[in-house]
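Below is one structure, written out as structure tokens; the observations come after it.
In what follows, residues are counted from 1 in the order of the sequence shown. Small disclaimer: the values here were computed from a predicted structure and weren't measured. These values consider heavy atoms only, across backbone and side chains, with no hydrogens, waters or symmetry-generated copies.
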Amino acid sequence: MKLSIDIIFEQITWPDAKLISSKTIQLNLSIIRFCRTDNDQELSDEVLYLTDAKKLARLKSEKPLSFICLGLIDETLLDPHWSVIIIPSQIDTGEIFETVQAVFDRYHQWLDHINEIIFNGNTLQTILDASCLYLKNPVALFDDSQGLLMRTSNINLDKLDAIWAHVLEKGYSLKEVDSINLNEKFKNQHQPFFYQSPDTFGNIKRLIAPILVNGQIFGSLAMTELINPLTRSEYANLCLAQQIIERALTVNDEFCKNLETPWYLYHLIKEKYVDPNILSHHLGLKGRTIDEPYSLWCFSPSGKILNSDFSAQAYFNQLSRLFTSAMIFSYESLILVCDYNLESENNKQIQGQLLDFITKSEFKATKSMVFNDLYQINLAYLQCQISNEYADDAAFEIISFNDIYADHILTVLDRHTKLDVLIVPQLRSLNLQDPYTHELLICLKAYIANGKNITAAADSLKIHRHTVVYRLKNILKLTGLNYEELHDDTMFQLFLSCGILLRVTPQ
């Protein structure tokens, strides 16, 4: 990274120094050198040249060169393409050279430190604080929806202007009257730009730097004149911070491992903190709230699809027609659907369409329980992942965590204990080698799962209720168990026992 002459001018702080520069602020300087030639062909726009007024007056060049001129000079002799720091007082040449060289050294050491913390995997907050070291005003980092991600933490914000107060209270930037024009600037201008609201905040000047990651708008860095005026040096230092944050975001996946995943959902799934105000803001943009009941669907592509040019976005339109009240997004190689229509599971038409979709697209589909808090989406995601382990690669079906709940408990228990010790003794009288025993155990398990409701058990097994009654009588005859007299805890033991025995009985 390189510096601008504006940064140098502010850092040297000679009382009678004056800067004459072009309108464009450029980060083009990497070193200071004595100017020992009158030949502009040998001069570079990446070097800050130290010279005296007499020599500079003789030089003719239309290159965008940069100089420190010692002594008074007729400013009309300076080419308009040049940037010149004029120091009229008598100062030792060696002293000014060493002073400017020290500025370059400080910035180079600072950039080396930043590179180190970026590639050591430090948090984006640490990187933001370090990147804004030379800025006099506090800086906020926003995402592409103007939600506040973080702000510099090393500046006291006891005294706030109206914009900062709004941002810190609400967790997002205020909506602008001319948001269309502001959005155009984000799309068309990568360089930082000055902006003043046309509304009640019009007296506050802002400096906004768009942040791009892989050519896509990630968000912005922004500041106001809260502490100091937004000078040319402040602009140049924000340009450096902009470059640093963009580079950090290509290495640090804290907020954009996958730009197709909204960062707040990515954070929640990774069990990271998201400010409630910011989360409410983003959900509000989608007409949702934090405490709205939902279930999570997970669609995972087969290996065959992944080996091709897989694009999750290509399936979004199809799923949006099936899930009309849902947030659909990709996460790693998966498609996740946060579904707020809790009746979809019981809607046979939707179920048929879903089965048709996963069959044609060769996806596996899993579904979590219903949750009432979006902060628990990481648990819903884990339920989908667990359910995915029970899905048969060759069968296109929907696996609900509710359906494999008990089986998963037994799988976890099996890692730590011998499952035989958990079987209710009365069930050991069943002939486990008889295939009919498998049907009896399935019937008993369904009966218990449906609250000892024979009709509901029959519906879940897709058999006649008389068949359920007949099988339950057979179990009573073989085991002596009277279901009506058993306590709930014993019924639960029976339920688990059925699950254990079903693992070893022939079908």
Side-chain angles (χ1 to χ4, degrees), residues 253-274 279 290 292-308 310-316 318-320 322-323 326-342 344-345 350-351 354-355 357-359 361-416 419 449 496 499 503:
D253 66 358
E254 189 174 348
F255 284 94
C256 61
K257 180 166 186 172
N258 183 346
L259 288 177
E260 293 180 350
T261 307
W263 72 265
Y264 55 95
L265 291 174
Y266 177 79
H267 265 215
L268 292 176
I269 290 173
K270 299 291 283 186
E271 297 185 68
K272 295 182 178 181
Y273 176 75
V274 178
L279 181 57
I290 294 175
E292 193 172 355
Y294 67 93
S295 56
L296 188 70
W297 294 77
C298 176
F299 295 91
S300 53
S302 65
K304 176 183 175 182
I305 299 176
L306 286 176
N307 291 334
S308 62
F310 173 72
S311 171
Q313 194 71 38
Y315 298 93
F316 279 20
Q318 298 177 62
L319 287 171
S320 64
L322 297 174
F323 297 97
M327 292 191 297
I328 303 173
F329 57 98
S330 63
Y331 177 74
E332 296 179 345
S333 60
L334 307 172
I335 300 176
L336 300 183
V337 177
C338 189
D339 184 19
Y340 293 94
N341 178 12
L342 303 184
S344 61
E345 186 173 15
I350 293 177
Q351 291 296 300
L354 272 173
L355 287 171
F357 168 77
I358 61 178
T359 301
S361 60
E362 298 185 41
F363 276 84
K364 288 192 288 185
T366 56
K367 182 178 179 293
S368 75
M369 293 176 168
V370 173
F371 287 83
N372 295 314
D373 189 335
L374 197 65
Y375 278 101
Q376 297 170 350
I377 195 172
N378 63 303
L379 299 178
Y381 174 71
L382 287 175
Q383 288 186 356
C384 288
Q385 291 296 90
I386 291 169
S387 301
N388 200 46
E389 297 173 8
Y390 291 83
D392 186 343
D393 289 336
F396 301 111
E397 57 183 337
I398 297 170
I399 305 294
S400 172
F401 186 76
N402 282 324
D403 295 335
I404 58 93
Y405 181 87
D407 201 21
H408 179 62
I409 290 175
L410 294 176
T411 299
V412 174
L413 286 173
D414 196 23
R415 297 171 189 158
H416 303 283
L419 291 181
L496 285 182
R503 292 175 169 224

When rounded to the nearest 0.5 angstrom, what distance separates [atom1] in [X] from [atom2] in [Y]?
| X | Y | atom1 | atom2 | answer |
| --- | --- | --- | --- | --- |
| K364 | I398 | NZ | CD1 | 14.5 Å |
| Y331 | L265 | OH | CG | 11.0 Å |
| Q351 | L322 | CD | CG | 10.5 Å |
| I350 | D339 | CD1 | CG | 8.0 Å |
| F299 | I328 | CZ | CD1 | 8.5 Å |
| S300 | Q385 | OG | CD | 7.5 Å |

Backbone of [Y] reached by a side-chain donor or acceptor of [X] within 3.5 Å:
| X | Y | result |
| --- | --- | --- |
| Y340 | S295 | no |
| S368 | L296 | yes |
| Y381 | L268 | no |
| Y375 | V274 | yes |

Provide the closest heavy-atom pair for [X] versus [Y] in the form atom of the first, atom of the second, distance.
| X | Y | value |
| --- | --- | --- |
| P301 | F363 | N-CD2, 3.5 Å |
| Q376 | F371 | OE1-CD2, 3.3 Å |
| I399 | S387 | CG2-O, 3.6 Å |
| I358 | A365 | CG2-CB, 3.8 Å |
| D373 | Y294 | O-OH, 2.9 Å |
| L355 | T359 | O-OG1, 2.7 Å |

Is there a side-chain contact between [X] and [Y] (heavy atoms, below 4.5 Å)?
| X | Y | result |
| --- | --- | --- |
| R503 | D407 | yes |
| N388 | C298 | no |
| Y405 | M369 | yes |
| S330 | F316 | yes |
| L496 | L410 | yes |
| W263 | K272 | no |
| W297 | L319 | no |
| F323 | N341 | no |

Open item on the list: Run the side-chain contact (heavy atoms from CB on, under 4.5 Å) test against E271 and tell me which residues pass, sequence neighbours left out.
Closed with: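 Expected list: N378.
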Open item on the list: Determine whether Y266 and F329 satisfy the following criterion, side-chain contact (heavy atoms from CB on, under 4.5 Å), listing intermediate values before the conclusion.
Closed with: CA-CA 10 Å; Y266 177 79; F329 57 98; over 6 Å; no
Task: Working for side-chain contact (heavy atoms from CB on, under 4.5 Å), residues I377 and L336 - done: CA-CA 11 Å; I377 195 172; L336 300 183; over 6 Å; no
